[in-house]
Amino acid sequence: MSGIKPEERLAAALARLILAPDAPPARHIAVGAASPIPAAACWLLRKAGHPVRLSLLHRRSGNPFTEGTRELFDLTGQGRIDLFFLGGGQIDGQANLNLVGTGAWPGRDVRFPGSFGSAFMYAMAHRTILFREEHSPRVLVERVDNISAAGVNAPGVYRRGHAQALVTGKCVFRFHPDRARFSLLSRHPGETVESIRAATGFGFDIPDAVPETPDPTPAELALLRGPVCDEMLETYPEFCARVFGRSEARAPAAE
Amino acid sequence: MSGIKPEERLAAALARLILAPDAPPARHIAVGAASPIPAAACWLLRKAGHPVRLSLLHRRSGNPFTEGTRELFDLTGQGRIDLFFLGGGQIDGQANLNLVGTGAWPGRDVRFPGSFGSAFMYAMAHRTILFREEHSPRVLVERVDNISAAGVNAPGVYRRGHAQALVTGKCVFRFHPDRARFSLLSRHPGETVESIRAATGFGFDIPDAVPETPDPTPAELALLRGPVCDEMLETYPEFCARVFGRSEARAPAAE
Amino acid sequence: MTTPISLEAMAASVPDGALVALPPDNSLPSVALAKALVRRGARGLRLLGVPVAGFAADLLIGAGCVAEIETSAVSLGEAGFAPRFSAAVRAGTLVVRDCTCPAVHTMLQAAEKGVPFMPLRGLIGSDILAHRPDWKVSDNPYAAGGDPIVLLPALQPDVAIFHAVMADAEGNVWLGRRRECATIAHASKRALVTVERVVPGNFLEDERLAPGTINATYVTDIAIAERGAHPVALLDEYGFDAGYVADYARMAKTEAGFAAWLAREVFGQRAAAAE
Amino acid sequence: MTTPISLEAMAASVPDGALVALPPDNSLPSVALAKALVRRGARGLRLLGVPVAGFAADLLIGAGCVAEIETSAVSLGEAGFAPRFSAAVRAGTLVVRDCTCPAVHTMLQAAEKGVPFMPLRGLIGSDILAHRPDWKVSDNPYAAGGDPIVLLPALQPDVAIFHAVMADAEGNVWLGRRRECATIAHASKRALVTVERVVPGNFLEDERLAPGTINATYVTDIAIAERGAHPVALLDEYGFDAGYVADYARMAKTEAGFAAWLAREVFGQRAAAAE
């Protein structure tokens, strides 16, 4: 099918990972402000009829929390958050995340905004999907300069979940916490194992067959461009305009 | 002055203890539901113009707390509660309180309602005034059967405050945490050192001169019978009717 | 999204032996559900008073539904001691785990945060601590040494039970400033909430209602029970029925009086008409 | 009982070097008071982002008011990295104490409860922990052994600063569901609150308003600052001014651009007219 935007493909790929039959159930997903694509993936599931609860952390109206921002972390501590999304300025081959900055601590070369709740969420959500569109040796490094949140822990350290996968602009990696290593799960159209290897700073396992990341189905595309976009217009007007060609009918909220 | 009710005298005596110049300032007092007399003492101070903040824990309207009942204990933990009132089914000579019951734990002879927050409040409020109208060897014992809240702690145990005094229907005792012992501060009209000693199960110190607990002043009586009673009618209708001869104009709240 | 279930179905969903958290008489207990639990003949319940217990607990104890209670007090307030609780303690038929109010809150807050324990000041020197082998005294690692402090374990009730003013179409419930009910719901595996009424809309979309709302994510089931807190007060909806509680306190002084009260108020005609 | 003071008097009451807690851009920062602190030439402030910092923090850092910041992130959200924060980190003129969101909440909750520390799961394996010698890893005494857990010390800010919708005649403030502001106020020695308006009555007497109210007992001073959160959104009162923040982000990329922005928006005519 022509005209599929990369963002639409990524959203559909994320949605499939969320529903992966070998993963624990995703009854309640929390989505941060970082990227609209994970939010689109979650709305896609909802609009397709899956009874998943979404807590959209930066929605202006209808903020789900009434205890302030601590409630997300308390919820996660309680084991009620099945899935969270994280990214990183650097992500390494052991799924360590760096949201602090490059160079010496606390980011003397390039300072990123900071770790947010990653050092907790990554360990306490039942699973995490890593998402970063930029797929380059600059981002996907052998070893992060600074660890905001660790991909794995020493035996005995209490931890509820790990990364399930890493989705980039080029491919989908699956993460194996038992051996602290990624394997290539699928490559997006136009990419080869070699093009991916060249763009990746860390080593990863390559199965015999690496399928292409499937296209979104026509039904998925219709949902994304219609009801999913409707839900996202308020929070992500720029994204909706760029990807779905839709602009908000209402006047901007600033007065 | 004739016609002074015992409750009025006790309220005035409590008010004087609250303002005692050798005690730390009472900027914020929390008052439980246990007895209306401490509440009357606090309202007396307010109506006399002292800028004390009152948190009346069981007032139906205008409950001061918006975090649920934990807020009182958090406030106290923060050091913001200057004074609290406690009583006890038994109170002993070291100011230990028993709100659990007599006989074997947890009160197999006579079970009292329970300790409420006493084990915390007694240690963490800046000071506590003990109040119990019944002055008898049954209540004021050498050693309580069960300790709900300890009068003193071993050196090194963190504790912010202690009992300042014990006010009963017969007298006012002052507590000395340094030697874990009460001394007689004043006797109510009609009582002698001997009558008090006979009614008290614990030993206490007796200074050379034991003055009579003073009468409330005419101004205090006017405040108690007027504006103080007005404030207390909603919460303590029976008390106001009995002591001040006033009944609530409004219909009862049920419905 | 949440469809209310019946009060009797809700009572049936509380298994015998469950650890059931109840707010006190000044904070929205579901007396309606307590009565339904009596009717269903619940057995072996372990009650948690948050932080104290009142009318609903005494009722459940009297009806033989309760094996254990953990609480900082059981009281009928102005109506005096809780008669069936007192009788059960005297008879030795009830395991009482005495607590102190902030310790109950702290154990629930530990469960709310998903941590295994939380410290609390005070308590040292109290026999409450002496009778709680599950509470540990530790040395404060942030002091230079010699600063004992109590560590309390997280406590996760099986079921939280309380009464709220209303539920919305999304299953959120509103109960205003009585936020201990939120803590109980957060800390518990399941929350069963009776409400006066269900209204359209979404409280979380309304800045005036959201602060007193408990998100549906914590609410397992909702049942409509008009005057479901009675005889306890419900915010500004209805007041405390002192006469009803005084009558209970008087009748429940004896086993026979309590049985007569139950027959009339829980199993009887009048109960059926009211619910 | 509380009489509002002027914004400039409020700014003057924050001493140089104070540990100042600020909510983030999605939770009612007082940008008006931040601008007033810039005007008064505050120096050496230690900021605490609860749990992250945004526009107000970047402004204070750029104006040279800040010596240290403890936070889980500094960001302008959609408008990108915080430019003056980034420049200060590059220049090494700002002490940054990196944190993670729930750790900020936990340290404040410990202060709120009056306990010296509180545990938190996660964090182990993070360099955040490695760079915090003031955080301790302890063995969970409720496990059989070999269960390391992080203990975080209580953190009591000198001053909490935030913006609320309104204050009442008793000095209570209402800010709806943004309850981290309540935690900050509870944990801090002083709370300075700007509000859109002061209204008669007592929010605590109103069951609909009480749940979103912070009791006056925690509020040291109130100042009226209309649109005091601008350009940040204030509940349903006004929205986020993305254009204003984008303009700031563009100008503040350079020292000179930031100075021009300050002259216009904080010291200039337009600022004077707006406040």
Side-chain angles (χ1 to χ4, degrees), chain B residues 25-31 42-43 45-47 49-84 117 119-127 156-161 230-231 234-235 250 253, chain D residues 1-3 21 105-118 154-158 160 164 167-191 201-220:
Chain B
R27 293 150 304 194
H28 191 159
I29 306 177
V31 186
C42 293
W43 278 116
L45 294 179
R46 270 286 287 277
K47 296 300 175 184
H50 295 281
V52 61
R53 176 177 292 276
L54 301 182
S55 287
L56 305 170
L57 306 182
H58 287 255
R59 239 181 115 191
R60 169 111 187 285
S61 60
N63 182 303
F65 299 128
T66 57
E67 303 277 354
T69 46
R70 80 168 163 88
E71 190 169 351
L72 168 67
F73 307 105
D74 287 355
L75 256 179
T76 307
Q78 291 153 31
R80 295 190 204 249
I81 296 295
D82 296 305
L83 173 63
F84 195 64
F120 176 84
M121 296 299 287
Y122 206 18
M124 296 300 282
H126 287 282
R127 58 178 156 130
V157 173
Y158 182 91
R159 178 167 187 145
R160 195 177 274 135
D230 292 344
E231 294 286 353
E234 188 201 33
T235 317
R250 285 169 285 166
Chain D
M1 304 196 302
T2 301
T3 307
H105 295 304
T106 298
M107 293 189 292
L108 291 173
Q109 283 184 286
E112 181 182 52
K113 287 191 83 68
V115 292
F117 63 90
M118 232 185 232
L155 181 58
Q156 184 182 41
D158 295 317
D168 68 14
E170 307 293 323
N172 304 304
V173 298
W174 188 89
L175 42 55
R177 77 184 83 183
R178 300 309 330 196
R179 299 197 66 81
E180 54 267 75
C181 293
T183 308
I184 301 171
H186 299 168
S188 299
K189 289 178 200 159
R190 299 167 65 218
N202 180 346
F203 301 149
L204 296 173
E205 303 280 353
D206 180 334
E207 294 292 354
R208 293 298 180 280
L209 288 175
T213 296
I214 299 177
N215 188 311
T217 197
Y218 306 102
V219 178
T220 311

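Quick note on labels: first sequence line is chain A, next is B, and so on, each numbered from 1.
- If you run side chain to side chain contact (heavy atoms under 4.5 Å, CB included) between B:Q78 and each of D:K113, D:E112, D:K189, only D:E112 comes through.
- Considering D:L209, D:L204, D:N215 as possible partners of B:T66, the one that fulfils the side chain to side chain contact (heavy atoms under 4.5 Å, CB included) test is D:L204.
- Proximity to chain B is absent for every atom of D:A154, based on heavy atoms less than 4.5 angstrom apart.
- Looking at B:R160, there are no atoms closer than 4.5 Å to chain D (heavy atoms on both sides), in backbone or side chain.
- Residue contact with chain B, scored on non-hydrogen atoms closer than 4.5 Å, involves the backbone and the side chain of D:Y218 alike.
- Using a 4.5 Å cut-off between heavy atoms, D:S188 contacts chain B through its backbone alone, with no side-chain atom that close.
- Here the shortest heavy-atom pairing between B:E67 and D:A182 reads OE2-CB, 3.7 Å.
- Minimum heavy-atom separation, D:A185 to B:R80: O-NH2, 3.1 Å.
- A distance of 10.0 Å separates OG1 in D:T217 from CZ in B:R27, rounded to the nearest 0.5 Å.
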